[in-house]
Amino acid sequence: MVTETMQPITRRDLLALLGAGAAAALPAGPAWAQARGATLVIGIDISDTITLDPTRQAQYTPPMTLAATYDALMTLSPGDYVEPKPSLATSWARTPDGRGWRFTLREGWSPPAPR
């Protein structure tokens with residue numbers, strides 16, 4: 001049920017809400033979307049993806065795909081780009097020799113099975 005206070009958002013209003021910086025980050029070309037309840041689904045062209053290896057990608061759109069595919073060890077909060085926060089790793093510390101890092105992974109995580 002849509003009332004006068006609940007109106008569907010237009011693409012123009014969405015871009016205005018996101019701001020020019022976020023709008024510039026969207027790839028050029030058409031975007032397809034299909035509403036599913038209260039979830040916004042946006043389809044974009046990711047054909048410039050050459051690899052899903054996060055250490056080798058250098059194209060424009062793969063970071064969106066990789067963020068949905070891989071879990072980072074740590075993350076940063078918006079506005080706080082100094083203090084890493086836990087993600088896959090619950091804690092981390094320098095090794096005794098100071099040449100590396102030791103990560104403790106969250107409970108229940110296990111590496112993928114070998115191929």
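Values reported hereafter were calculated over all heavy atoms of this structure, with side chains retained and with hydrogens, waters and symmetry mates removed.
Counting heavy atoms from C-beta on, the side chains of Glu107 and Thr90 never come closer than 4.5 Å.
For the atom pair CH2 (Trp92) and CH2 (Trp101), the distance works out to 9.0 Å, reported to the nearest 0.5 Å. Atom CD of Glu83 sits about 9.5 Å away from atom CG of Leu76, to the nearest 0.5 Å.
When all heavy atoms are compared, the tightest approach of Leu52 to Tyr70 is O-OH, 2.8 Å.
Scanning for side-chain hydrogen bond (donor to acceptor under 3.5 Å, both in side chains) contacts around Thr95 gives Asp97, with sequence neighbours left out. For Asp71, the side-chain contact (heavy atoms from CB on, under 4.5 Å) test picks out Ser87, Leu88, Arg106, with sequence neighbours left out.
For Arg94, the CZ atom sits in a packed shell: over 12 heavy atoms of surrounding residues, nucleotides or ligands are nearer than 6.0 Å.
For the residue pair Ser91/Thr104, the side-chain donor-acceptor check at 3.5 Å is satisfied.
Membership of an apolar cluster is not assigned to Ile50, as no side-chain contact below 4.5 Å to another ILVMFWY residue is traced.
Of the possible polar contacts, one joining the Thr51 side chain to the Asp53 backbone as a donor-acceptor pair under 3.5 Å is found.
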